[in-house]
Structures are given as structure tokens and as C-alpha cells.
Protein chains: 2
Amino acid sequence: MIKKKYNISVEATLEVIGGKWKCVILCHLTHGKKRTSELKKLMPGITQKMLTQQLRELESDGIINRIIYNQVPPKVEYELSEYGTSLESILNLLCNWGEQHIIKEYGDKFAVLEDNILNK
Amino acid sequence: MIKKKYNISVEATLEVIGGKWKCVILCHLTHGKKRTSELKKLMPGITQKMLTQQLRELESDGIINRIIYNQVPPKVEYELSEYGTSLESILNLLCNWGEQHIIKEYGDKFAVLEDNILNK
DNA sequence: TGTTATAGGTACTTTAAAGTACCTATATTA
DNA sequence: TAATATAGGTACTTTAAAGTACCTATAACA
């Protein structure tokens, strides 16, 4: 008999997209596939190690695809997998809620948000 | 001038509902207001300290209301605030996605999910 | 020749999140 | 009188998440 693992289904979701970085990575990927270096530019606070670590985990959970181009210097791209797109509506809602929350807290989102593709 | 704080709006959302317990608490509260002791029963893994700590933070972010009945032994209830209900659709999607993910991973959600109000 | 760009690995350290243990108050009930 | 239920506080410890530093490979180019 399989041992019970979750007390509530949302725990399974958090196991896949919880933590400091995964939602951020996935939000960027909802805007199309990205190279490792592009993701690094979009997330100035993340380290190389954390970025690849999170990407590996998302890949092994089937959320993203890793596309390797056989060239030097290396080129690798990441994109939402088909399964990963089932998270798109959640990711969009999370981003939109955050934007509204910032407006509520600070009045003006441009005061606390860096400019990037998602904040336009 | 206010210092920039977020690189992407979803970071603001995670500041409010991130971590191991907050989404779980909030998912339970989407089913109506709950006493502290009820929440503890619904979340067998949480400690008293973590529960009150998370509830305090959610309260100070305006997501939940704390209702105190003046009696002994004490009775306190928690409910989603009006602002908190703006998270309801997100919370429901997070729960539903987790359920589907469990089915995908384990075939049968009843094998890994404890019985409680949300799993019926 | 040696520097650059790209993607990533690994060992170690730091920090933040979470957990443990033990404490409070008071009306009610056995 | 002593135990019970309820909600919560606090000091301390443990664990897990995250960060730092340094390492690899190789073709292109100055």
C-alpha cells in the first residue's frame, strides 16, 4: 500500500512550483522560450547555480523542455512543455495579482518594479 | 525616490502567499471560516508556532480577518478578508492543478491524499 | 597566444525557514 | 483541588534553501 503523502492537493503543486525562483522562471517562459543567458539577465538576483538547479528540477517534473543546440559556445534554450502550459493561467493570475498588490501597497507600480517585458 | 524592489510582479505575490504553509491555510479558508483548533486538525503537520506565525503574517498583509470571541477558554476564528477573496480563483486553480498532477503521477489520488473536506 | 562567450559542475558556507520544548492565562468540570 | 480546553508567547535548535567561490570545455577572434 502506498503511503499517504499529501494532506491537501495544493501541497503537490507547491512541490513543483514552490520556492523562491520557480514561479519567476516560469512566468518569464510564458512569454516564449529563453536562453540561459536571457533568463539570467531577466533575473539579476539569481545565481548560475540556482538557475540551473531550478531548471533541472522543472525539467525533471516535466514542466519545461531543454533544447540543446550542438554548437560552441553552447546554446541551450528552455520553454514550457505541453504539460507546463497547464500552469499558464495560474502564472498569469499570480503575476496580475502581484501587480495589483503592488499598486495597492505603493500606489505606483513603476516605483518598485524594474522595467522588463512583463511590466509593460 | 523609492528604491526598486521587485524585478517581476509575481515576486510581490510570493511575498504574501509564498512559503510552505500559507497557501494551505488559505485553501482551507476558502471553504469558510475556521477556528485555530480546526486548522490544526486540517493540517496535522503544522506546529502551533508556525500556524499562529503564518496567520499573523496573513492578517498583517490584509488577507485574513481574525475574529476574537471574548470567552474562556478562548475562541478565535479566521476567515478570508475581502481583499483575501481576490486570491480565491488562484487558490482553487492551485488545488485543482495539484489534484490533476497527483493523478498524473500516482494514477489514483486516493492513494496519496488524506481524506478531508477538500479531497471529496 | 591568451581572452571571450556560453553553459554548467562541485564543494563549501551562510542565511532563512521551520521545528522543539516549555511557558502563560482562566473558566469549567470531575 | 487538580485536570482540561483553548489560543498563544518565547528561547533555542535544527534543517533546508540559497549563496559563494572556483572549476570545466571549446571554437572564435584579436
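Naming convention: chains lettered A, B, ... in sequence-line order (proteins, then strands); numbering from 1 in each chain. Because the structure is a prediction, the values reported are computed rather than measured.
Residues that satisfy the side chain to side chain contact (heavy atoms under 4.5 Å, CB included) test with A:I46, not counting sequence neighbours, are A:W21, A:M43, A:M50, A:L51. Remark: A:Q54 pairs with no residue by the side chain to side chain donor-acceptor pair (under 3.5 Å) rule, at least two apart or across chains.
The salt bridge (Lys or Arg N to Asp or Glu O under 4.0 Å) contacts involving residues 37-50 of chain A comprise nothing, where partners must be two or more places apart or lie in separate chains. Annotation: ring pair (Phe, Tyr, Trp, His ring centres under 6.0 Å) contacts involving residues 86-105 of chain A, sequence neighbours excluded, comprise A:W97-A:H101, A:W97-B:Y83, A:H101-B:Y83. Within the structure, the salt bridge (Lys or Arg N to Asp or Glu O under 4.0 Å) test picks out no pair touching residues 80-89 of chain A (sequence neighbours left out).
Dashed line: the shortest gap from a side-chain N or O of B:S37 to OP1 or OP2 of D:dA5 is not under 4.0 Å. One finds a side-chain N or O of B:Y78 lying less than 4.0 angstrom from the OP1 or OP2 phosphate oxygen of D:dG8.
The line from CD of A:Q53 to CG of A:L58 is 11.0 Å long, rounded to the nearest 0.5 Å. Distance check: A:L91 CG to A:L94 CG gives 6.0 Å after rounding to the nearest 0.5 Å.
In this entry the distance linking CZ of A:R35 with P of C:dT6 reads 6 Å, nearest Å. We find that CD of B:E77 is positioned 13 Å from C1' of D:dT6, with the value rounded to whole Å.
Each end of the helix from C:dT1-D:dA30 to C:dA30-D:dT1 yields a helix axis from five base pairs, and these two axes differ in direction by 30° (to the nearest 10 degrees).
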**Request:** Could you run through nucleotides 22-30 of chain C and give me one letter per nucleotide, 5' to 3': B if any protein heavy atom sits under 4.0 Å from the base, S if only the sugar-phosphate is that close, - if neither?
**Result:** ----BS---
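A donor-acceptor pair is defined here as one N or O able to donate and one able to accept, closer than 3.5 Å; no such pair exists between the side chain of B:S9 and the backbone of A:G98.
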**Prompt:** Where do B:I8 and A:L42 land on the side-chain contact (heavy atoms from CB on, under 4.5 Å) test, with the steps shown first?
**Reply:** CA-CA 9 Å; B:I8 186 173; A:L42 290 167; over 6 Å; no
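For the pair B:K5/A:E105, no side-chain contact is recorded, criterion being any heavy-atom separation below 4.5 Å from C-beta on. Annotation: side chain of A:V10 is not in contact with side chain of B:L26 (no heavy-atom distance under 4.5 Å).
Within residues 45-69 of chain B, the residues having any heavy atom closer than 4.0 Å to DNA chain C are, in order of number, B:T47, B:K49, B:M50. The stretch residues 14-23 of chain A has no heavy atom under 4.0 Å from DNA chain C, so no residue of it qualifies as close.
Applying the 6.0 Å contact sphere to NZ of B:K104 captures more than 12 heavy atoms from other residues, nucleotides or ligands.
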For residues 60-74 of chain B, which side-chain N or O atoms pair as donor and acceptor with protein atoms under 3.5 Å away, sequence neighbours left out?
{"from": "B:S60", "atom 1": "OG", "to": "B:E57", "atom 2": "O", "distance (Å)": "3.2"}
{"from": "B:N65", "atom 1": "ND2", "to": "B:E79", "atom 2": "OE2", "distance (Å)": "3.1"}
{"from": "B:R66", "atom 1": "NE", "to": "B:Y78", "atom 2": "OH", "distance (Å)": "3.2"}
{"from": "B:Y69", "atom 1": "OH", "to": "B:E77", "atom 2": "OE1", "distance (Å)": "2.6"}

